[in-house]
Student: 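One structure is given below, represented as structure tokens, and several questions about it will come after.
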Amino acid sequence: MIIGSHVNYGSKGLLGSVEQALSYGANTFMFYTGAPQNTQRREIDMSLVDEAHKLMSTNGIDINNVICHAPYIINLANKNKPDAWTFSINFLKQELKRCETLGIKYVVLHPGSAVTHTKEEALENICDALNEVIGADTKVMILLETMAGKGTECGRDIEEIKYILDNVIYKDKIGVCLDTCHLNDSGVSIDSFDDYLNNFDELIGLDKVKCIHINDSLNPLGAHKDRHANIGYGTIGFDNLINVIYNDKLKDVPKILETPYIGDYPPYKFEIESIKNKKFDENLANRVDEYYKNR
Ligand code: FE
Ligand code: FE
Ligand code: ZN
């Protein structure tokens, strides 16, 4: 099982991320190259990157399973403000370069929000932008995330994701990241996850799935909301999430937790433990609190 969570990047960059992932008992992780909400990015310190790579290899983290997430404010779907659209394209290009420098293979991207465009125009805009970003010598793969369909979000069903994949020129440089909370909120029942996978396999091909975000959801099926819950503490439920995580067809795909902090503390060490034991942790909040408040 390849499992981890999102982690901070912080002042030590990738090295800090690796240290944090190891403290959670994870064998992979996902990071943002800065704050997820903005696009200010620090210069990369290569000596710290080397140290990060060493720490990964001595602790059994395969860098090929490590995921970067692009900031939320990139919106490739909206051309109404041409400057913002061009900015998104340029930022994403730089993000791919940064990942190449860090040795990271995958960047997860929210496809974008249509705002006042029709869905058709928005999908077209996304394809245009991706075809500017991705070139013949691009070395990092962009993973389109399946979205909850909040507001005018694109990528809320297999057809929208497929449309983008079909219209990107360099098809071997684009893949998909499934998110269980987003799937639930978009109307896909995780009770019958295998049916979804079969459908996905028929329309797109399961080989395109390179990452899965494992989150419970605070909202009912089809709510189009997108609020993550801790594993087993939402409407999807522990057993359904275990079925996703241990699904044979997704065995080699990295699983990343993006569940909420409990108070000021990250729950990941304990969520990963309960996933490994396949046993729901009724006392998650108390255990997290006990552990971190005494450090
Ligand atoms: Fe995301
Ligand atoms: Fe996600
Ligand atoms: Zn989400």
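Both counts, for ligands and for their atoms, begin at 1 and track the order of listing. Note that the coordinates shown come from a computational prediction; the quantities given were computed from them, not determined experimentally. All residue numbers refer to positions in the sequence shown, counting from 1.
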Student: Restricting to N, O or S atoms, which atom of Glu145 is closest to the Fe ion (ligand 1)?
Tutor: OE1
Student: Verify the distance test for Cys181 against the Fe ion (ligand 2): any N/O/S atom under 2.8 Å, yes or no.
Tutor: no
Student: Are Asn78 and Asn125 linked by a side-chain donor-acceptor pair shorter than 3.5 Å?
Tutor: no
Student: Rounded to 10°, how many degrees is the angle OD2/Asp179-the Fe ion (ligand 2)-ND1/His213?
Tutor: 110°
Student: In degrees, rounded to 10 degrees, what angle do His110 atom NE2 and His69 atom NE2 make at the Fe ion (ligand 1)?
Tutor: 100°
Student: Classify the ring geometry of His182 against His110: parallel below 30°, tilted from 30° to 60°, perpendicular beyond 60°.
Tutor: perpendicular
Student: Suppose we only count N/O/S atoms under 2.8 Å; would Asp226 qualify as near the Zn ion (ligand 3)?
Tutor: yes
Student: Taking the basic N atoms (NZ, or NE/NH1/NH2) and the acidic carboxylate oxygens, is any pair closer than 4.0 Å for Glu159 and Lys162?
Tutor: no
Student: Do Glu273 and Lys276 meet the salt-bridge criterion of a basic N to acidic O distance under 4.0 Å?
Tutor: no
Student: Which atom name would you report as the N, O or S atom of Glu258 nearest the Fe ion (ligand 2)?
Tutor: OE1
Student: For the atoms NE2 of His228 and NE2 of His182, give the angle they form at the Zn ion (ligand 3), rounded to 10 degrees.
Tutor: 110°
Student: Looking only at the side chains, is there a donor atom on one of Thr33 and Glu95 sitting less than 3.5 Å from an acceptor on the other?
Tutor: yes
Student: Are the charged groups of Lys150 and Asp185 less than 4.0 angstrom apart, N to O?
Tutor: no
